[in-house]
Amino acid sequence: MTEYIYIQAKDGTPLMPTKRKRHIQKLLKKGMARVVSHKPFVVRMKYHVGKKTQPLSGGTDPGRTNIGNAVVNQNGEVVYKDHVETNNKDVPKHMSERKIHRQASRRGERLARKRLAKKHGTISKKLDNGRILPGYEKPVDVKDIINTEARFNNRKRKEGWLTPTTRHLIDTTVNQIKYIKSILPVRNWTLELNRFAFMKMDDGNIYGVDYQNGRMKGYENVNDYIDTMQEGKCACCDSPIEHHHHIIPKSDGGSNLPENIVGLCSECHRKVHTEDINLSLIGKKKKYGALSVLNQAIPFIIKKLECLFGEGKIYTCSGYETKAFRETNDIKKDHPEDAVCIAAIRKMKRIIDNTISFEVKQFRRHNRAIINNQRERTYYLDGKMIAKNRKPRFEQKTKALSDLSLTRQEISRLVVKKSVRRYNNTKRIMPGAEFFYKGERYIMTGQFSNGQYYRAHNQGNKSFPAKNCQIIKQNCGLVYL
């Protein structure tokens with residue numbers, strides 16, 4: 001296998017890659033070039049060189065979690081290929097965490113206003129009929145202070161709004177192609193374009209107008225469909241349906257498909273949330289979530305690539321064409337190899353592939369969480385832990401002090417350890433940073449003992465002393481392993 005060295009001119013313009021390692025070593029020793037990146041190995045010249053290049057073509061095999069990219073020259077030789085593993089599936093989890101932190105912050109602000117009202121004697125009297133806020137249909141109780149306007153009334157989505165997962169996928173795909181374009185003089189790019197028909201994937205006999213005759217035809221929404229299927233009765237008893245419950249919550253990847261929604265009465269709905277009734281085995285997760293995100297993202301990716309390369313320089317092909325080209329050239333099916341076929345599909349008939357495929361992993365670049373963790377207040381009696389917190393917190397499984405009946409003598413012997421809050425260092429190095437240790441390159445995946453030791457990718461629990469490590473590159477999101 002051949003590993004290319006990628007060359008940049010003095011002003012950063014990408015030039016043709018080379019295999020002349022000894023020549024590049026001489027230039028580096030003489031100070032006529034400098035290393036920009038160790039993987040892929042990119043060198044920038046310190047003197048003026050000619051900028052004449054040969055035409056190169058690029059291609060992408062798009063996906064939500066796995067993306068393949070490749071570049072070929074006019075002779076069909078592969079000069080670059082990679083496999084990108086995204087963290088797109090983690091976006092909903094991060095959004096959920098942000099929601100929890102914001103709710104906690106606003107709850108704290110509201111309690112602070114209550115304390116101020118109590119201090120200054122401006123506590124609001126409780127209204128008999130409550131107060132109707134804008135956006136609410138039922139009155140809301142006034143608790144010590146006047147409630148402000150419901151926040152969701154102030155939120156409006158702009159035209160062209162995209163879901164966070166779709167926007168993240170677009171940025172990931174385009175940013176990787178931008179980087180490839182910065183080290184190789186690529187002139188055009190080809191993208192595999194597939195519009196997935198989910199009904200066809202469920203039933204291969206669907207054709208033509210059958211797409212308009214789905215199972216929910218004639219129903220205003222999915223809830224009406226559920227009511228009809230259950231004959232208006234609760235799934236657990238014969239009471240009328242009052243709630244439509246997601247068996248697998250949307251926050252955990254559950255879908256809005258009928259298979260994941262069940263009609264329940266108020267009492268059974270309450271029991272489901274208190275875990276007296278378990279419905280987890282009934283629902284189905286969203287079957288084609290990844291393909292749905294891809295369908296939304298592709299048009300925006302094409303639009304951004306047209307801005308990057310220019311109009312008329314972006315081409316598309318179908319999965320059938322990629323498959324035919326791959327089988328003709330006897331190429332194995334994988335994301336980088338599919339990208340090679342996509343890049344060569346327009347002009348080349350044969351492929352010469354002796355290059356090593358780069359593995360690229362996406363790391364989270366920012367984590368603005370100030371608090372790392374918080375230890376709970378703990379109560380010990382004769383050296384044995386008996387309770388946590390004075391009163392049980394939300395969903396606390398262990399006993400709180402208020403749950404115990406202690407004598408005065410036992411109370412006098414209690415030992416209390418206060419709750420401790422631990423904070424993140426705002427200047428900490430994020431996972432994905434590149435460092436050298438004893439002349440070897442590693443990718444950091446974490447640190448412990450207040451940053452005194454690092455952990456590295458594919459190195460298990462091996463510890464790397466931070467004082468002996470040299471950080472050569474901070475986390476840039478898409479990291480070459």
Side-chain angles (χ1 to χ4, degrees), residues 1-60 69-84 174-189 304-305 307-310 313 336 339-340 343-344 347-348 352-361 432-437 439-443 469-481:
M1 288 290 182
T2 304
E3 193 168 347
Y4 279 93
I5 298 173
Y6 303 98
I7 312 296
Q8 291 179 333
K10 190 176 182 179
D11 61 356
T13 304
L15 304 176
M16 295 300 292
T18 182
K19 301 176 186 177
R20 300 170 63 191
K21 294 184 179 180
R22 289 189 179 181
H23 178 67
I24 298 299
Q25 285 176 349
K26 289 179 182 179
L27 292 178
L28 291 171
K29 285 183 180 180
K30 292 180 180 179
M32 300 175 69
R34 67 180 180 88
V35 177
V36 176
S37 170
H38 290 86
K39 196 166 188 178
F41 198 74
V42 182
V43 173
R44 182 173 295 183
M45 298 300 171
K46 290 187 176 181
Y47 64 98
H48 293 287
V49 295
K51 296 183 180 180
K52 188 175 180 180
T53 60
Q54 301 169 12
L56 297 179
S57 301
T60 294
N69 298 290
V71 178
V72 297
N73 63 20
Q74 57 188 352
N75 298 322
E77 294 181 64
V78 180
V79 297
Y80 175 94
K81 64 178 179 181
D82 70 30
H83 166 238
V84 180
V174 174
N175 286 342
Q176 181 62 9
I177 295 173
K178 275 184 181 179
Y179 179 75
I180 297 170
K181 192 175 185 295
S182 71
I183 63 173
L184 284 167
V186 190
R187 298 185 184 179
N188 55 73
W189 206 270
K304 288 202 171 190
L305 291 182
C307 296
L308 186 62
F309 288 91
K313 298 294 181 67
V340 168
K347 294 183 178 179
M348 295 83 177
I352 304 172
D353 186 3
N354 295 314
T355 58
I356 298 172
S357 177
F358 294 106
E359 286 295 322
V360 185
K361 184 175 175 62
E434 186 178 336
F435 69 89
F436 270 129
Y437 178 73
E440 294 290 330
R441 173 185 175 273
Y442 297 95
I443 301 298
C469 297
Q470 179 189 0
I471 300 293
I472 57 175
K473 193 175 183 180
Q474 295 284 358
N475 175 5
C476 56
L478 292 164
V479 180
Y480 285 79
L481 302 179

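Just the heavy atoms: all of them, side chains too, but no hydrogens, waters or symmetry mates, feed the values below.
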For the student: nearest non-hydrogen atoms of [X] and [Y], plus distance:
{"X": "Ala70", "Y": "Pro336", "answer": "CB-O, 4.2 Å"}
{"X": "Ile356", "Y": "Glu3", "answer": "CD1-OE1, 4.1 Å"}
{"X": "Lys313", "Y": "Asn188", "answer": "O-CB, 3.2 Å"}
{"X": "Ala343", "Y": "Gly58", "answer": "CB-C, 3.5 Å"}
{"X": "Tyr4", "Y": "Val78", "answer": "CE1-O, 3.6 Å"}
{"X": "Pro14", "Y": "Ser182", "answer": "CB-O, 3.6 Å"}

Side chain [X], main chain [Y], donor-acceptor under 3.5 Å:
{"X": "Gln74", "Y": "Lys347", "result": "no"}
{"X": "Asp82", "Y": "Asn69", "result": "yes"}
{"X": "Asn73", "Y": "Asn75", "result": "yes"}

Does some side-chain heavy atom of [Y] sit less than 4.5 Å from a side-chain heavy atom of [X]?
{"X": "Tyr179", "Y": "Val42", "answer": "yes"}
{"X": "Val72", "Y": "Met348", "answer": "yes"}
{"X": "Ile7", "Y": "Ile24", "answer": "yes"}
{"X": "Lys51", "Y": "Leu15", "answer": "yes"}
{"X": "Gln176", "Y": "Thr60", "answer": "no"}
{"X": "Gln8", "Y": "Ile183", "answer": "yes"}

Do the numbers put Lys39 on top of the ring of Phe358, so that NZ or CZ is under 6.0 Å from the six-membered ring centre and no more than 45° off the axis?
no
Walk me through whether Tyr80 and Thr355 qualify under side chain to side chain contact (heavy atoms under 4.5 Å, CB included).
CA-CA 7 Å; Tyr80 175 94; Thr355 58; over 6 Å; no
To the closest 0.5 Å, what do you measure between [atom1] ([X]) and [atom2] ([Y])?
{"X": "Phe309", "Y": "Lys304", "atom1": "CZ", "atom2": "NZ", "answer": "14.5 Å"}
{"X": "His23", "Y": "Ile5", "atom1": "NE2", "atom2": "CD1", "answer": "10.0 Å"}
{"X": "Asn354", "Y": "Glu77", "atom1": "CG", "atom2": "CD", "answer": "8.0 Å"}
{"X": "Met45", "Y": "Lys10", "atom1": "CE", "atom2": "NZ", "answer": "12.5 Å"}
{"X": "Gln54", "Y": "Arg187", "atom1": "CD", "atom2": "CZ", "answer": "9.0 Å"}

From CA spacing to verdict: side chain to side chain contact (heavy atoms under 4.5 Å, CB included), Trp189, Lys181
CA-CA 10 Å; Trp189 206 270; Lys181 192 175 185 295; over 6 Å; no
Side chain to side chain contact (heavy atoms under 4.5 Å, CB included) assessment of Val43 paired with Leu27
CA-CA 10 Å; Val43 173; Leu27 292 178; over 6 Å; no
Decide yes or no on side chain to side chain contact (heavy atoms under 4.5 Å, CB included) for Val479 and Glu434, but give the supporting numbers first.
CA-CA 8 Å; Val479 180; Glu434 186 178 336; 5.8 Å; no
